[in-house]
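Step one of this worksheet: look at the structure below.
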Number of protein chains: 2
Amino acid sequence: MTASLHDFCARRGDLTAPCRLCGAREFNICQALDPAQQDKLFALATRLQLGKRDRLFAAGEPASHVYNLTEGTVALSRSLADGRRQILGFLLPGDFLGLEVGEAHRCDAETLTEAKVCRFERAAFDGFLKDNPEVALRLLKIASSDLAQAARHEVLLGRKTATERIASFLLDLRDRSGARHLRTQPLALPMTRSEIADYTGLTIETVSRVLGRLKSGKVIELIGASAVRVLDDARLERMSGSS
Amino acid sequence: MTASLHDFCARRGDLTAPCRLCGAREFNICQALDPAQQDKLFALATRLQLGKRDRLFAAGEPASHVYNLTEGTVALSRSLADGRRQILGFLLPGDFLGLEVGEAHRCDAETLTEAKVCRFERAAFDGFLKDNPEVALRLLKIASSDLAQAARHEVLLGRKTATERIASFLLDLRDRSGARHLRTQPLALPMTRSEIADYTGLTIETVSRVLGRLKSGKVIELIGASAVRVLDDARLERMSGSS
DNA sequence: CTGGACGTTTGATCCTGCTCAAGGCACCGC
DNA sequence: GCGGTGCCTTGAGCAGGATCAAACGTCCAG
């Protein structure tokens, strides 16, 4: 599962600039760093190859590592004692996860697809942070934009109708995928209906019905169950009730 | 409205340590600073006295300042075009607000009570941040715990019943008030039913009915409309369905 | 190619919380 | 003290989405 630094570099055939060929380099935490710092940071990293439905960490576990997702999709979620689950967000390549203020992780992190991450020992990462204040500022920006995303999600969950939630979800996923240069037409839905339901605060049946209605209204086209093509952008936007 | 540095110090009769008597000193952003740094930071601050229902900033406005609440209660909210509103949280003394990654504020901030804040020019604050990396780390912790709070709120909005939402809201407000040494028994509710509704994703009628039920079930006692006494802690906890 | 398992769709019915409506209460200015 | 204006409570009826149930695909192992 764990690829050694040497393995990683060998696989890429570029020992001197190991991050240079990383697919998520443009978006992730390394972005702000000059090559020397990148090398230092990379020396702290373990690259992991993860399978489908692998758990990176669970709520309550000691937060011993932080992660930078470089390939694949990850879902963050929290569950109630009786099993009700709320998915907090779907992470895409470049996204950073696992940074906690306290000792323990506050949510579960699970891959939806095969995925690759850079994993950092938390203690080592904290040390790097102290020596590289500009990385702390970058993390602050990341946290702040995560907070903005959470706020939009709270509006979705607290005040939007089922149709608005699904429309918002589709547009948000499309925009974020687009920003990462992932294919958006058709747009892959690596999550199941159950996961869409747990993200939107609905049930699978309602998710399925709303998607069906959007389809028969020619707003979207469903390609199998795990891809969509947006046919009427403007209408979907209007249906999302955003802002 | 704006008190000068001199006014502020004079009022307290302590020119040499202006932050030392601040009611929120124990909790707010100044916490981690040594006296010399505190003085520098304080030189950047404008102290503001705000009235009830004053707006600190609105979504979309240029984020020209950041704020540290030192007295009173503030609500952060976002609204949809048709007026539906979602309150993201209620801020208490010591809470920090207004830090945005981009140019504009992403939510509205309004006082619920008379309040006092320390306001910082954003540019000056950013400069201070660059010179004091440990403040950036502290802000990172604040952002991270805001994110944890947002996650709990997402669970509340997406997966909890009306009763669970109200119970969770009361317990959360009580715990956060207690942590700031505010009175918790009875616990003041500086927000209206409408604001509780917009925080919990319910309607005023449902909020009122659930509070009525908790009251007739002897779980809480209502003291007027804007204070509660928790009579049965354990039961309220169980009703909140947390974690 | 076939059987089974799992995820998805679709249908019928139910229920929680919303909407609409009216009445009560408390606070404030006059 | 008195009227008025918000805010809060309570009631009746409704509806959006949940629940329960069943059929349908699709993908994979054998």
Side-chain angles (χ1 to χ4, degrees), chain A residues 51-53 75 80 82-87 110 112-114 156-170 188-217 220-228 239 241, chain B residues 51-53 75 80 82-87 112-113 156-170 188-217 220-228 239 241:
Chain A
K52 241 182 177 172
R53 312 286 151 182
L80 299 176
D82 61 5
R84 279 174 290 174
R85 178 176 66 161
Q86 177 62 50
I87 290 184
E110 188 182 307
L112 301 183
T113 61
E114 297 202 334
L156 181 151
L157 292 170
R159 287 297 180 226
K160 288 191 178 179
T161 65
T163 305
E164 289 170 339
R165 293 179 198 207
I166 297 297
S168 303
F169 157 70
L170 289 174
L189 301 176
M191 61 294 288
T192 65
R193 295 292 181 269
S194 168
E195 285 153 349
I196 299 176
D198 285 347
Y199 177 76
T200 52
L202 302 168
T203 59
I204 32 175
E205 293 93 332
T206 301
V207 170
S208 182
R209 275 185 256 268
V210 171
L211 285 173
R213 248 179 282 142
L214 290 178
K215 181 183 174 177
S216 57
I220 63 171
E221 176 186 348
L222 286 172
I223 299 158
S226 44
V228 251
M239 294 175 98
Chain B
K52 242 182 176 173
R53 312 285 151 184
L80 299 177
D82 60 6
R84 280 174 289 174
R85 178 176 66 161
Q86 178 63 49
I87 290 185
L112 301 183
T113 60
L156 181 152
L157 292 170
R159 286 300 181 223
K160 288 191 177 179
T161 65
T163 305
E164 289 170 338
R165 293 180 196 206
I166 296 298
S168 302
F169 158 70
L170 289 174
L189 301 177
M191 60 294 287
T192 65
R193 295 292 181 269
S194 168
E195 285 154 347
I196 299 176
D198 285 346
Y199 177 76
T200 53
L202 302 168
T203 58
I204 31 176
E205 294 93 331
T206 300
V207 170
S208 182
R209 274 186 257 268
V210 171
L211 284 173
R213 247 179 284 143
L214 289 178
K215 179 183 175 178
S216 57
I220 62 171
E221 176 186 348
L222 286 172
I223 299 158
S226 45
V228 252
M239 294 175 96

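Letters A, B, ... mirror the listed sequences (proteins, then strands); counts begin at 1.
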For this session: Could you please spell out the steps behind the side chain to side chain contact (heavy atoms under 4.5 Å, CB included) verdict for L112(A) and K52(A)?
Result: CA-CA 6 Å; L112(A) 301 183; K52(A) 241 182 177 172; over 6 Å; no
Shorter than 3.5 Å, N or O on both sides, protein versus nucleotides 18-23 of chain D: list them out with atom names.
unit_1: dA18(D); atom_1: OP2; unit_2: T203(A); atom_2: N; d: 3.4
unit_1: dA18(D); atom_1: OP2; unit_2: T203(A); atom_2: OG1; d: 3.0
unit_1: dA18(D); atom_1: OP2; unit_2: T206(A); atom_2: OG1; d: 2.4
unit_1: dT19(D); atom_1: O4; unit_2: R209(A); atom_2: NH2; d: 3.0
unit_1: dC20(D); atom_1: N4; unit_2: E205(A); atom_2: OE2; d: 3.0

Between [atom2] of [N] and [atom1] of [X], the distance in whole Å:
X	N	atom1	atom2	answer
K52(B)	dG6(D)	NZ	P	15 Å
E195(A)	dG7(C)	CD	C1'	11 Å
L222(B)	dC8(D)	CG	P	11 Å
R84(B)	dT19(C)	CZ	P	10 Å
K160(A)	dC18(C)	NZ	C1'	20 Å
E164(B)	dT16(C)	CD	P	13 Å
L211(A)	dT10(C)	CG	P	11 Å
L189(B)	dC8(D)	CG	P	10 Å

Problem set entry | Nucleotide nearest T192(A) (side chain, heavy atoms from C-beta), chosen from dT9(C), dG7(C), dC8(D) | dG7(C)
Exercise. A162(B) has a side chain; which of dT8(C), dG17(C), dC8(D) sits nearest to it?
Worked result: dG17(C)
Exercise. Name the one of L170(A), V210(A), L214(A), T161(A) that satisfies side chain to side chain contact (heavy atoms under 4.5 Å, CB included) with M239(A)?
Worked result: L214(A)
Problem set entry | 5′-ward residue of the pair G224(A)/R165(A) relative to DNA chain D | R165(A)
Exercise. Do the side chain of S168(A) and the main chain of E164(A) share a donor and acceptor less than 3.5 angstrom apart?
Worked result: yes
Exercise. Rounded to the nearest 0.5 Å, how far apart are CG of L211(B) and CZ of F169(B)?
Worked result: 8.0 Å
Exercise. Could you go step by step and tell me if Q86(B) and D198(B) meet the side chain to side chain contact (heavy atoms under 4.5 Å, CB included) rule?
Worked result: CA-CA 5 Å; Q86(B) 178 63 49; D198(B) 285 346; 5.9 Å; no
Exercise. Should R159(B) and R85(A) count as side-chain neighbours, where that means a heavy-atom distance under 4.5 Å?
Worked result: no
For this session: List the steps, then state whether side chain to side chain contact (heavy atoms under 4.5 Å, CB included) holds for I166(A) with I196(A).
Result: CA-CA 8 Å; I166(A) 297 297; I196(A) 299 176; 4.1 Å; yes
